[in-house]
Amino acid sequence: MIDLSQLNDMQQRAVEQTEGPVLILAGAGSGKTRALTTRVAYLLEKDVDPFHIIAITFTNKAAREMRNRINSLNPLGDQVWVSTFHSACVRILRREIHHIGFENNFTIYDAEDAEKIIKDCVKELSLNEKYYPTKKVMGIISSQKDNLVSAAQFSQDVKGDSHMEGTACIYRLYQKRLTDANALDFDDLITKTVELFDRCPDLLNRYQERFRYIMVDEYQDTNTAQYFLVRRLAEKYQNLCVVGDDDQSIYGWRGANIRNILDFENDFPHAQVIRLEQNYRSTQTILNAANAVIAHNASRKGKTLWTDNGDGPPIQYFKAYDEQGEAAFIAQTILDRVKSGGTYAEFAALYRINAQSRAIEDQFMHHNIPYRLFGGVRFYQRKEIKDVLAYLKALNNPRDDLSYLRIINTPKRGIGDATIKRIQAHAHEQGISFSEALRDLPSDARNKRLHTFWEMMEGFRGFMPVCSLTELTRKVLNDTLYLKELLLDETPESLDRVENIDALLSKIAEFDAEAELESAEGFVSAGSELDAFLGEVSLVADIDNYQEREDAVVLMTLHSAKGLEFPRVFLPGMVQGVFPSFRSMNAPEPEGMEEERRLCYVGLTRAKESLTISMSKSRLRNGEAESCVPSCFIEEIPAEYLRDARPGRKRQLSLRGKTNVPERRAMPAPKQTELDFAVGDWVRQIKYGRGLVIAIEPAGVDFEVTVSFEKSGLKKIMAALSKVKKEPKSEPAF
DNA sequence: CTAGGATCATCAATT
DNA sequence: ATGATCCTAG
């Protein structure tokens with residue numbers, strides 16, 4: 001029997017209101033996951049078949065957590081679908097997509113893959129890449145898909161605007177390329193599922209019957225396509241429970257439509273609205289600050305978080321001279337705390353952009369502070385991993401031209417651009433795929449290498465039904481000589497790559513083991529496993545790999561931190577231009593700034609006990625020092641909750657006056673202790689070219705040098721960071 | 001024709 | 001720092 005007495009009144013209502021549409025407005029830290037998991041357990045207890053319940057979360061990590069918690073309440077929870085929108089759609093499409101003209105072994109293209117195809121399309125249409133930059137075009141196409149606007153519809157919509165008509169042509173061709181390759185991009189995973197239900201009413205009916213109870217977490221971050229999908233599925237039984245917080249909507253740039261949550265009561269007129277405003281996470285001081293900041297936003301439903309956790313300490317505010325100083329302060333604070341019995345894992349530094357991690361990482365390394373970095377180049381984005389996966393993708397879906405193009409000369413086997421163009425032309429003429437074109441080649445001498453490649457791939461394919469995925473991957477790595485090439489090249493990068501491939505192999509082995517456990521025969525062939533494996537790895541997010549058990553400081557972006565909490569939080573880089581970003585500051589509409597403010601709200605509310613915000617008066621932008629002013633969000637926090645932080649004792653000794661400027665060179669000497677040039681020397685820098693050194697000034701671990709460049713004039717840049725090198729010949733070559 | 005080196009642009013957040 | 005593109009040698 002489930003014990004509801006542990007829940008507050010509002011949480012209890014959320015659990016017990018199982019029928020009809022429900023909107024739960026759940027503030028940060030208000031125990032919504034607890035309410036949701038209890039709600040599922042409650043449904044199960046009321047004899048609702050687990051088969052009829054689906055819960056949709058934002059990340060795989062959240063899904064895993066929710067599943068675990070449900071399972072611990074009721075073992076039947078195992079059979080409830082708990083997954084992200086994307087995984088749920090993949091699961092449905094793997095079964096059903098043949099109804100709308102795709103094959104069920106479709107490939108999923110990530111953003112990088114999609115961009116390559118767009119680029120090709122622009123070229124093929126003889127459009128100027130200057131006017132159609134890949135990223136922009138990709139963004140437009142993606143947002144059309146998010147809004148369920150098809151290529152044909154888009155062409156209609158933009159009639160008369162010749163530039164947009166060009167974009168529409170790219171969209172149409174891009175979509176054709178995907179269809180030909182039997183591939184879907186991330187957006188398609190949603191839109192094709194919607195299309196499937198539109199075109200096959202009986203199928204829709206089947207899934208409506210199946211999912212009689214639907215729950216959607218982080219509803220404020222759903223886009224229009226996801227909204228339609230949910231609406232469709234819930235149409236019949238109306239048992240839709242959405243949970244969200246309009247103040248935490250931070251994915252507008254990705255197509256999330258904040259109206260979905262703001263308009264829920266209009267879309268479902270009989271919806272029950274439940275507010276969770278009691279916060280169990282943070283101190284009252286932190287909540288007061290967060291409430292004050294978010295109150296500056298105009299478009300919100302409005303709510304005020306409160307807690308009975310007590311006031312707690314004030315929010316620390318540290319002003320540093322530069323990013324190194326800011327990072328040094330963070331490092332010192334952590335060391336002090338750990339010395340007096342704390343752990344590293346209590347801490348997280350959450351920043352606006354990934355580039356901000358650099359300074360912090362540097363300091364952490366110097367101080368031997370263990371940390372775990374999220375973001376940057378993700379595991380499944382690395383070149384070597386994508387190479388190996390491209391082999392598997394090509395084997396799984398022979399129509400996947402992009403993967404074939406990636407591997408045909410990787411590792412180098414003497415097949416160059418010209419040859420590839422020849423095959424592509426042939427494929428084009430015949431209207432066949434790249435691999436079919438390879439098969440059709442006449443077997444004369446000049447095609448020898450191509451034949452060898454084709455036969456090797458066929459060999460792998462023959463092996464697939466009788467080997468495990470691990471064995472297949474090993475065979476690919478060996479027979480292609482991919483591993484051998486890496487091992488021969490003994491650079492640190494190659495070593496890294498080998499390690500990553502090892503890690504991939506262990507993941508595959510894990511996957512094998514799980515599949516074997518689930519199957520009756522105890523053996524699962526690579527052929528039958530590939531679909532599931534490739535689908536899964538295409539959808540892993542960085543945050544999905546976060547292990548709380550590890551004793552390390554967490555470094556991640558504010559976006560990744562959504563849904564997480566930490567006892568002690570740092571928010572570094574609170575300066576105008578970084579947070580909020582210049583882009584949203586300069587935009588004419590207020591939406592961008594409001595979203596930045598919500599992001600700030602998310603950041604503040606991650607902290608349980610202590611919160612430290614900081615800024616630096618100077619920071620590097622592309623190697624140039626730039627002076628900074630405090631973020632406007634700092635001024636929005638009432639001064640009574642803030643306290644200027646004192647730097648660590650060590651540095652305090654050297655402080656002049658009462659400023660918080662830390663000693664510039666607080667840390668043990670790094671590699672760059674001196675420069676190999678002096679004032680008056682000629683130097684070279686990769687971006688600016690040749691220049692004459694005017695002045696040199698120590699700055700943290702580096703030197704700030706003033707150089708008069710031949711082309712671009714006077715610049716102040718950091719010597720080591722921007723790789724300023726001495727120019728061997730001191731006379732300009734006139 | 002291909003491989004490898006030099007040079008140039010880019011860089012917000014992510015399923 | 002990374003990828004794309006251009007150039008040159010073999």
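Proteins come first, then strands; the chains are lettered A, B, ... in the order of their sequence lines, and each starts at number 1.
- Within the 4.0 angstrom heavy-atom criterion, only backbone atoms of the sugar-phosphate kind lie near A:T419; the bases stay farther away.
- For the side chain to side chain contact (heavy atoms under 4.5 Å, CB included) with A:F374, the lone residue among A:N354, A:L555, A:V554 that qualifies is A:V554.
- Counting only heavy atoms from C-beta on, A:R254 has its side chain closest to B:dT15 among B:dA13, B:dT15, B:dG4.
- Under the stacking criterion of a centre-to-centre distance below 5.5 angstrom and an interplanar angle below 30°, A:Y251 is not stacked against the six-membered ring of B:dA13.
- Pairs of Watson-Crick or G-U wobble type, with distances under 3.5 Å, assemble into runs of 3 or more in DNA chain B at these ranges: B:1-10 with C:1-10.
- In this structure, CZ in A:F228 is found 7.0 Å from CZ in A:R231, a value given to the nearest 0.5 Å.
- Between the side chain of A:E323 and the backbone N or O of A:A359 there is no donor-acceptor pair closer than 3.5 Å.
- Nearer to the 5' terminus of DNA chain B, by closest-nucleotide assignment, is the contact made by A:A418 (compared with the other of A:S581 and A:A418).
- At least one side-chain heavy atom of A:F197 sits less than 4.5 Å from a side-chain heavy atom of A:L229.
- Here B:dT15 is the nucleotide among B:dA12, B:dT14, B:dT15 with the atom lying nearest to any side-chain atom of A:T84.
- With B:dA3, B:dC11, B:dA12 as the choices, the nucleotide that has an atom nearest any side-chain atom of A:I353 turns out to be B:dA12.
- Note on A:I415: only backbone sugar-phosphate atoms sit closer than 4.0 angstrom, heavy atoms only; bases stay farther off.
- For A:R422 and A:H559, each mapped to the nucleotide of DNA chain B holding its nearest heavy atom, the one lying further toward the 5' end belongs to A:R422.
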